[in-house]
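Worksheet: one structure, shown below.
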There are 2 protein chains.
Amino acid sequence: MGRSPRQSVTIRHVAAEAGVSLQTVSRVVNNEPNVRPQVRERVMEAVKKLGYVPSLAARRMGGSRSYLILALNDRDRTIEGWQLGQGSDWIDQMLYGGMLACAERGYRMIFELIDTHSAHVEREVNAALSSLRPDGVILTPPHSDNPAIIDLLVAQHMPFARIGSDDASAGFAIRMDDGAAAEAATAHLIGLGHKRIGFIAGSEEYRLSGARTDGYRAAMKAVGLPIVDGLVQPGDFSFESGEAAMRAYLDFGEPVTAVIASSEQMALGALHVARDRGVDVPGELSLVSFDDTPVVRFSVPPLTAITQPIAPMTAKAAELLIDAASGKESEPGVHVIPFALAVRRSSAPPRG
Amino acid sequence: MGRSPRQSVTIRHVAAEAGVSLQTVSRVVNNEPNVRPQVRERVMEAVKKLGYVPSLAARRMGGSRSYLILALNDRDRTIEGWQLGQGSDWIDQMLYGGMLACAERGYRMIFELIDTHSAHVEREVNAALSSLRPDGVILTPPHSDNPAIIDLLVAQHMPFARIGSDDASAGFAIRMDDGAAAEAATAHLIGLGHKRIGFIAGSEEYRLSGARTDGYRAAMKAVGLPIVDGLVQPGDFSFESGEAAMRAYLDFGEPVTAVIASSEQMALGALHVARDRGVDVPGELSLVSFDDTPVVRFSVPPLTAITQPIAPMTAKAAELLIDAASGKESEPGVHVIPFALAVRRSSAPPRG
DNA sequence: ATGAAAGCGCTAACAG
DNA sequence: CTGTTAGCGCTTTCAT
């Protein structure tokens, strides 16, 4: 317990208490060599006794590290998600993976919103960097492939990780295998006996959209199923585009028996239209979602979905950046994190 | 555009560029008086030209402010929510309200997890305070009423805001009127014609649980409806406790026609049991949720719910703390933020 | 293995 | 109104 100090405990107090120099305390606190075990012990006792915790700001000022990892998310998309409360837990999963990975290593993750589309991206990113001077930056889609941001980070020699990117030309790329995931989803439906499987593509602004569509095509091709016109519908990740795509499928001459949506919102939009038109899921139509979010799990029926490893990807990103800041060399290149397919009640064999 | 500076732009560069002293630049940047408009103009131009943004760490070191607001959440509860992905968007709403309010004022909100139950609460909080030295702390339930934390904050003279607390003895209390919300929910059901209305209470660890139950009782009493034994069921906010409560209601001799659950998870648990037992909602049973989360909006049927103003409460907390740090006196006491009742398909008149 | 000195970028307190 | 001086709490570099 002890009295709560009004004025914070500094390294100076610890040095006095332990009868050593500031430098020795610093060494002990930072686990550096060249301190006799005996002295180290004494300092650690003083630290514990006084409840000393180094000041982040002072560390940043004196040293070359800030113990900060900056995570950049798209402002519009994030705020819209918060406002509409559509139940995507992207941010939560990101915090989960990132914050804990940082905390384990004595780091802190700071979360910031940046406007991708604005002409001021550079200014915004620069402001965040100047103010915080983080040891690394985590980029999420669509920032992960924004050339303006990438160039700026490279120019500043700021280490960064790109979640959901497969561009290994700069920074760490951390992704799941979107193509394989789309393949797995498609194979799952093929395995159930489906032949006419629709695929609602995502916004082309995101690279992974193409990879997913390719995976779908590959899986279809692998078993010799034709991809006739109209089987692949365009979408932009939104609920509305999912609705539109579903209407297109239902208005086909020969309707599909299963649909894969490249996003949770599009899957829900599709489900909504199916319900409205009296199409039973999964009786008449199987549905698979990309993104395994809370709403997908609680929908009726619960949706079969590709689980994106958002927390593990963010954790990996934080680890790589912190290791880099700590001087440990990490394998560069693309880091692929495993995905999962959560099979739920929305997918079933087609009606004989 | 311009070249990206490897080495960051400091106040010194700006001073040189504008031909003034460091202090003058500082005054301009901080909007302080005693600078001739002409000089101010010149400095601002230099700032813009060089893309100068003050270093957070240096500001903290030199001055008395850190431009940081620390938001403390319960570790176990938060992590569990992230792991289970049950779709509560508490954290998101908190970030939404808090981050934006901070950003508008040149502040940053830092989000941290603290273990309420641990014997080390004090140490954990102290560590966060020592490391960050924030200008204010936002407490969320159950921290808002944790004496160990409150005492520590008071002893350190650290300004703080308590979300969901009605204890005005220290810090700012910011809450919605839980009693009035429960009353409104109850009155809504009474208005529909219900007489036997069940209420699933929340964990007693949270003060607001009592307030909600009281509101329910008041509304019932106001129209002379008796609160017979078993009408109020205990709960702990969990899905399972909602299920248990619902089973208790259905096993009544004379079942209830409507139920209010003190949390979203309990409402969903209740809905689940009702569906299993073949009880139609809202045909045979009306259901109202506290907490208007994504899952509640996407459930079948969508649930009538009390919307807790989490984002506005957090924004208010941030504002009050920043104002306090800026020397502006704020009205102390309890700040009550309006709630809303979102009427959806889960509530309807009882079967004649 | 340890300590002393210098300085990080800024603001507070004071001097003009 | 403007500039000068002294730190803030740490880490770096260099000496011992």
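What's counted below: heavy atoms across the whole structure, side chains too, no hydrogens, waters or symmetry copies. Every chain is numbered from 1 and lettered A, B, ... according to where its sequence line falls, protein lines coming before strand lines.
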Could you check whether the side chain of B:Arg27 and the base of D:dG3 have a donor-acceptor pair of N or O atoms closer than 3.5 Å, going by distance alone?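 In this structure, the two groups form a donor-acceptor pair.
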With a 3.5 Å cut-off and heavy atoms only, can you find an N or O donor on one side and an acceptor on the other between the side chain of A:Gln23 and the base of D:dT12?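 Donor-acceptor pair under 3.5 Å: yes.
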Please check the phosphate of [N] (OP1 and OP2 only) for any side-chain N or O of [X] closer than 4.0 Å.
X	N	result
A:Ser26	D:dT11	yes
A:Ser64	D:dT12	yes
A:Arg36	C:dT2	yes
A:Arg59	D:dT11	yes

Could you work out which one of C:dT11, D:dT11, D:dC1 sits closest to the side chain of B:Asn34?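 Selected nucleotide (nearest to the side chain): D:dC1.
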By nearest atom, which of the nucleotides D:dT2, C:dG3, C:dT11 is closest to the A:Thr24 side chain?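 Taking heavy atoms from C-beta onward, the closest nucleotide is C:dG3.
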Please classify the nucleic acid contact of [X] as base, sugar-phosphate, or nothing, using heavy-atom distances under 4.0 Å.
X	answer
A:Gly63	sugar-phosphate
A:Pro54	sugar-phosphate
B:Tyr67	nothing

Using a strict cut-off of less than 4.0 Å between a Lys/Arg side-chain nitrogen and an Asp/Glu carboxylate oxygen, indicate whether B:Arg42 and B:Glu17 qualify as a salt bridge.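 Answer for the salt bridge query: no.
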What's the [atom1]-[atom2] distance between [X] and [N], to the nearest Å?
X	N	atom1	atom2	value
A:Leu22	D:dG9	CG	C1'	9 Å
B:Arg12	C:dC10	CZ	P	9 Å
A:Leu50	D:dG9	CG	P	14 Å
A:Ile11	C:dG3	CD1	P	12 Å
A:Met61	D:dT11	CE	C1'	11 Å
A:His13	D:dC8	NE2	C1'	12 Å
B:Arg42	D:dC1	CZ	P	15 Å
B:Arg133	D:dG9	CZ	P	8 Å

Could you check whether B:Arg108 makes a cation-pi contact with B:Tyr67, meaning its NZ or CZ is under 6.0 Å from the centre of the six-membered ring and within 45° of the ring axis?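 Geometry flag: not set, cation outside 6.0 Å or 45°.
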If we only count heavy atoms from C-beta on, is the A:Leu321 to A:Pro159 side-chain gap below 4.5 Å?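 Yes, close enough: below the 4.5 Å cut-off.
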Flag side-chain contact, heavy atom, 4.5 Å: A:Leu56 against B:Leu132: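 SC-SC contact between A:Leu56 and B:Leu132 confirmed.
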Whether B:Ser118 side chain and B:His120 backbone form a donor-acceptor pair below 3.5 Å: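 Yes, the answer is positive, given that a donor and an acceptor are paired below the 3.5 Å cut-off.
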With nearest nucleotide decided by heavy atoms, which residue, B:Ser21 or B:Gly62, maps closer to the 5′ end of DNA chain D?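 Of the two residues, B:Ser21 wins.
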